Amino acid sequence: MSSNTIRTIPSERGMLIAERRIPAIAAKAGHDAYLNTLRHTGAVTVKIANGQVVERKSDGSVTVIKSLPIGKRVKPGTILKRIKPGD
């Protein structure tokens, strides 16, 4: 940035408008990263889907690698705390 660049402070309204765009920007970034991974790894990704570890190929085919045990259900909004060993 050059020394004679003037920065303006966004208004509250401008900040609210920008903040509303964050989820869409994050979703697009995640999708772009997924597609980039498919391109660079021979078109294969490994992910969790419906309680299973699956290999997904760019052609849409899915291979189940492993079924996972059902985890503990947590109500939305629950605050979890990490417990240090020995506590």
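Quick caveat: nothing in here was measured; it's all calculated off a predicted structure.
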Note to self: Under the rule for side-chain contact (heavy atoms from CB on, under 4.5 Å), what residues qualify as partners of Ile9, not counting sequence neighbours?
What the structure shows: none

Checklist line | Listed partners of Lys66 passing salt bridge (Lys or Arg N to Asp or Glu O under 4.0 Å), at least two apart | finding: none

Next item on the list: List for me each residue that meets side-chain contact (heavy atoms from CB on, under 4.5 Å) alongside Asn36, sequence neighbours excluded, and say none if there are none.
Entry: Arg39, His40

Next item on the list: With Val53 as reference, evaluate Thr63, Val64, Ile65 under the side chain to side chain contact (heavy atoms under 4.5 Å, CB included) test and give the passing residue.
Entry: Ile65

Next item on the list: Any pair with a residue in residues 12-27 that passes side chain to side chain donor-acceptor pair (under 3.5 Å), sequence neighbours left out, goes on the list, sorted by first then second residue, please.
Entry: none

Checklist line | Any residue meeting side-chain hydrogen bond (donor to acceptor under 3.5 Å, both in side chains) with Thr8, in chain and number order, not counting sequence neighbours | finding: none

Item checked: Nearest heavy atoms of Val62 and Val54, plus distance in Å -> CG1-CB, 3.6 Å

